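I have placed the structure first, in the form of structure tokens, so that the comments after it can refer back to it.
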There are 2 protein chains.
Amino acid sequence: MTAPQATPCKRVRNPQLHREAILDAALRTFAERGFEYATVREIAERAGVAHSSVLRHFGSKEQLFRMAVPGPWDVAEVAPGEPCMLPERIAAAYVGRMETLAGNDPYLALLRSAATDDCAATQIYLAMQDKSLEIYRSVSGGDAIHNQLPFLASLLIGVTFSRYVVRAGLLAEMTADQFAEHLGGSIRGVLFGTQAVQP
Amino acid sequence: MTAPQATPCKRVRNPQLHREAILDAALRTFAERGFEYATVREIAERAGVAHSSVLRHFGSKEQLFRMAVPGPWDVAEVAPGEPCMLPERIAAAYVGRMETLAGNDPYLALLRSAATDDCAATQIYLAMQDKSLEIYRSVSGGDAIHNQLPFLASLLIGVTFSRYVVRAGLLAEMTADQFAEHLGGSIRGVLFGTQAVQP
DNA sequence: CTCTTTAATGACCAACCGGTCATTAGCAGT
DNA sequence: ACTGCTAATGACCGGTTGGTCATTAAAGAG
């Protein structure tokens with residue numbers, strides 16, 4: 001019975017630290033569970049604060065979502081280079097990012113949340129898509145490719161869904177290198193291989 | 001005050017009819033809202049029964065989901081034909097199905113629900129994906145294509161997400177015909193256009 | 001008509017949600 | 001050491017959810 005609880009209810013008073021901890025926990029939780037399944041209480045627990053503190057800092061769950069999940073994406077750090085290798089560079093940038101951030105990527109939080117039609121998530125998601133399309137557009141040279149860019153975005157969405165959200169099936173079983181290689185081929189097909197059969 | 005309520009609480013007693021009405025309402029609701037946001041009470045209201053009747057008929061919300069949402073997919077009614085036009089036939093079959101069923105497609109129910117990590121939805125979703133991959137495999141001729149089939153599936157997932165779930169952006173603004181045409185090109189690229197640049 | 005069967009119902013429940021608020025306690029200024 | 005400010009807290013609230021159960025009333029059998 002002699003419970004030596006050294007810190008029964010030791011309060012720490014550090015707004016900025018807590019704020020950052022909450023934002024970090026929120027991003028991870030939203031990415032794992034999506035907006036609806038993520039609860040303020042779980043975010044608070046992960047951040048090591050009371051759930052009321054979370055609401056106090058950010059007002060509401062939705063405002064927290066907006067603050068925690070970065071909006072316009074900074075993904076497309078596609079290395080510059082010769083246009084003919086563009087698909088492989090896009091694939092490398094995408095796979096590199098997703099593999100390093102693992103399940104904590106805000107992209108996953110947006111994807112999961114947008115699927116359940118949460119309007120905030122959908123709006124942010126759209127903004128992100130426009131932004132990344134713009135970036136891809138500036139990187140890719142030809143005008144003819146531009147029409148295919150939405151399909152490139154869709155391919156990346158679907159691939160993300162299979163490999164990182166559902167986490168099962170053939171794409172999920174590949175190693176990162178295998179995945180990047182095949183993905184590069186598919187991206188190449190979407191961007192350049194749109195010619196019909198020639199007689 | 002003379003309320004002439006002819007049917008104050010007229011009960012109808014027809015198990016099979018109610019069962020079908022519930023299944024139909026469930027499919028629509030799951031497709032619109034996803035597993036989590038869909039409530040048993042709303043399904044019951046749409047079916048015109050009490051919410052307890054829904055639980056009585058199907059035991060639980062999850063069992064209802066399994067019964068209402070068709071598992072292995074019957075999608076790929078890809079018309080047979082010469083292999084060189086396969087992409088266009090796949091695009092036509094896909095767009096035709098999605099446009100006619102509008103928002104009631106079980107595919108949407110699965111996609112929305114799987115995104116929120118619901119395990120039942122994920123399992124059904126995987127089964128569906130395997131099934132459709134198998135169908136595509138039987139339709140497509142060459143062996144070299146098989147490696148690209150998961151990416152075809154992913155492309156369709158992403159495209160579905162953009163046009164029918166988020167319902168915004170460039171893909172959503174296209175007419176069905178425009179969409180089918182561009183999609184055919186992208187499918188062609190994924191399936192056949194994987195060759196690297198030739199010297 | 002009467003009785004039995006059972007589909008259908010509405011009241012009810014515990015659990016959990018996001019959000020509010022009075023209270024408590026750490027820290028800076030004096 | 002005292003005190004005011006306010007970050008942090010836990011108790012609490014109304015609402016909603018999936019699920020249970022005793023009660024009710026249609027439909028078939030005699």
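To find a chain, count down the sequence lines: A is the first, B the second, and so on, and within it residues start at 1. Because the structure is a prediction, the values reported are computed rather than measured. Excluded from the calculations below are hydrogen atoms, water molecules and symmetry mates; all remaining heavy atoms, backbone and side chain alike, are included.
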How close do [X] and [Y] get, heavy atom to heavy atom, and via which atoms?
X: A:Pro70; Y: A:Leu27; answer: CD-CD1, 4.4 Å
X: B:Leu171; Y: A:Pro150; answer: CD2-CB, 3.6 Å
X: A:Ala168; Y: B:Leu126; answer: CB-CD1, 3.3 Å

Checklist entry - When the aromatic ring centroids of B:Tyr125 and A:Phe161 are compared, is their separation below 6.0 Å? => result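 Yes; A:Phe161 has its ring centre under 6.0 Å from that of B:Tyr125.
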Checklist entry - Rounded to the nearest 0.5 Å, how far apart are NE2 of A:His57 and CG of A:Leu64? => result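 It is 11.0 Å, given to the nearest 0.5 Å.
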Item to check | Euclidean distance, A:Asn147 CG relative to B:Met174 CE, rounded to 0.5 Å | outcome: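 Reported value, rounded in 0.5 Å steps: 7.0 Å.
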Separation of [X] atom [atom1] from [N] atom [atom2], in whole Å?
X: B:Phe58; N: C:dA8; atom1: CZ; atom2: P; answer: 11 Å
X: A:Lys61; N: C:dC16; atom1: NZ; atom2: P; answer: 15 Å
X: B:Arg41; N: D:dT16; atom1: CZ; atom2: P; answer: 10 Å
X: B:Asn14; N: C:dT9; atom1: CG; atom2: C1'; answer: 16 Å

Next on the checklist: Of the listed nucleotides (D:dG19, C:dT6, D:dT6), which one gets closest to any side-chain atom of B:Arg13?
Outcome noted: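 It is C:dT6.
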Item to check | Residue met sooner reading DNA chain C from 5', once B:Val12 and A:Val40 are mapped to nucleotides | outcome: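 Result of the comparison: B:Val12.
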Next on the checklist: If you take any heavy atom closer than 4.0 Å to DNA chain C, which residues from residues 44-57 of chain A end up in contact?
Outcome noted: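 Going residue by residue through residues 44-57 of chain A, the ones with a heavy atom under 4.0 Å of DNA chain C turn out to be A:His51, A:Ser52, A:Leu55.
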Item to check | Sequence neighbours excluded - side-chain hydrogen bond (donor to acceptor under 3.5 Å, both in side chains) pairs with any residue from residues 21-30 of chain B | outcome: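 Only B:Asp24-B:Arg28 qualify under side-chain hydrogen bond (donor to acceptor under 3.5 Å, both in side chains).
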Checklist entry - Centre of A:Phe35's six-membered ring, under 6.0 Å away, within 45 degrees of the axis: is that where NZ or CZ of A:Arg112 sits? => result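 Output no; distance or angle outside limits.
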Item to check | Contact list for DNA chain D against residues 15-39 of chain A - heavy-atom distance below 4.0 Å | outcome: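 Per residue number, the list reads A:Pro15, A:His18.
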Checklist entry - Under the 3.5 Å rule, do the base of D:dA25 and the side chain of B:Arg11 count as making a donor-acceptor pair? => result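 Counting by modelled atom types and ignoring angles, no donor-acceptor contact under 3.5 Å is found here.
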